[in-house]
Amino acid sequence: MAEDTDVSRSSKRVSSVQRIIEERLANSLFRSLLCTRFHWPVSNWLVLLSYAGRQSGRQYTFPVAYEQFDAAIVAVTPIQDSNWWENFRDPSDCTIWFRGTKRSAIGEIITTEARDAMIVEYFERHGIVGWILGFGGNPATGGDQLDRAKQDLAVLRFTFEET
């Protein structure tokens, strides 16, 4: 029993340290890069998402890992680790810095059958994200991993508005 407790404590500690590094260092650095002409080292993996909170109206801006599907941007995020995705329960306006260009978009949570295919394709293209999120690469290749991914992840689609 003590061993399980030690593992969960160390996991929480690592998770807390990772979150601090992400929020204080990485997000700040990527936020600075993604809206400049120096975006290219990270813009194949990250976009800068900006939106107003549903209830607070407060403006939030942070980098999000993405994959491009047709003319849309798709992001996945762990439901338990964040709640920003809840702002897109209903289609909502947002701004995305995509490959150095600021664009207006509509974001929404995907709950249809297309969601499962998006999860599989997302992790096929970005296996490292699967590892980071604890799915060992692509959930489609590992039994119950896809079922767990369906339960644990929010899938969001951002569609660019015509200019």
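These figures come from a predicted structure and were not determined experimentally.
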Side chain to side chain donor-acceptor pair (under 3.5 Å): pairs with one or both residues in residues 47-67, sequence neighbours excluded
Ser50-Gln59, Ser50-Thr61, Tyr66-Arg99, Glu67-Arg125, Glu67-His126
Do Val155 and Ile119 come close enough that some side-chain heavy atom pair is under 4.5 Å?
yes
When you compare the side chain of Phe98 with that of Gln68, does any pair of heavy atoms fall below 4.5 Å?
yes
Shared hydrophobic cluster, Val42 / Tyr122 (ILVMFWY, side-chain heavy atoms < 4.5 Å)
yes
Identify the two heavy atoms, one from Ala71 and one from Phe160, that lie closest to each other, and give their separation to 0.1 Å.
O-CD1, 3.7 Å
Side chain to side chain contact (heavy atoms under 4.5 Å, CB included), that's the test. Do Glu108 and Arg89 meet it? Break it down for me.
CA-CA 6 Å; Glu108 62 184 324; Arg89 285 194 186 276; over 6 Å; no
Are Trp97 and Val47 connected, step by step, through hydrophobic side chains (Ile, Leu, Val, Met, Phe, Trp, Tyr) whose heavy atoms are closer than 4.5 Å?
no
Would you check if Val76 and Trp85 make a side-chain contact, meaning some heavy-atom pair closer than 4.5 Å?
no
When rounded to the nearest 0.5 angstrom, what is the spacing between CZ in Arg115 and CZ in Arg157?
12.5 Å
Please lay out, stage by stage, how Asn87 and Ser92 fare under the test side chain to side chain contact (heavy atoms under 4.5 Å, CB included).
CA-CA 8 Å; Asn87 287 283; Ser92 300; 5.9 Å; no
Output the distance between atom CZ (Phe69) and atom CE (Met118), rounded to the nearest 0.5 Å.
6.5 Å
Backbone of Trp84 reached by a side-chain donor or acceptor of Ser82 within 3.5 Å
no
Contact between Ile110 and Thr112 at the side-chain level, heavy atoms closer than 4.5 Å - yes or no?
yes
Give me the atom names and distance for the closest heavy-atom approach of Gly107 to Cys94.
N-SG, 4.1 Å
Write down the atom of Ala52, the atom of Gly57, and the distance for their closest heavy-atom approach.
CB-O, 3.9 Å
Give the cluster check for Leu48 versus Val64: same hydrophobic cluster or not, with ILVMFWY residues linked at side-chain heavy-atom distances below 4.5 Å.
no
Is Leu49 linked to Trp45 within one hydrophobic cluster, defined over Ile, Leu, Val, Met, Phe, Trp and Tyr using a side-chain heavy-atom separation of less than 4.5 Å?
no
Asp152 vs Ile79, side chain to side chain contact (heavy atoms under 4.5 Å, CB included): CA-CA, chis, key distance, verdict
CA-CA 6 Å; Asp152 293 352; Ile79 291 170; 6.0 Å; no
Could you tell me whether the side chain of Glu161 reaches within less than 4.5 Å of the side chain of Asp93, counting heavy atoms only?
yes
Is Phe158 close to Phe88 at the side-chain level, that is, under 4.5 Å between some pair of heavy atoms?
yes
Any chance you could lay out the side chain to side chain contact (heavy atoms under 4.5 Å, CB included) test for Thr95 and Lys102, step after step, and finish with the verdict?
CA-CA 7 Å; Thr95 302; Lys102 184 178 181 180; 3.5 Å; yes
So if you build clusters from Ile, Leu, Val, Met, Phe, Trp, Tyr with side-chain heavy-atom gaps below 4.5 Å, do Val120 and Leu156 land together?
no
Please round to the nearest 0.5 Å and tell me the distance separating atom OG1 of Thr159 and atom CD1 of Ile106.
8.0 Å
Flag side-chain contact, heavy atom, 4.5 Å: Phe62 against Arg31
yes
Got Ser43 and Leu34 here, is their nearest side-chain heavy-atom distance under 4.5 Å?
yes
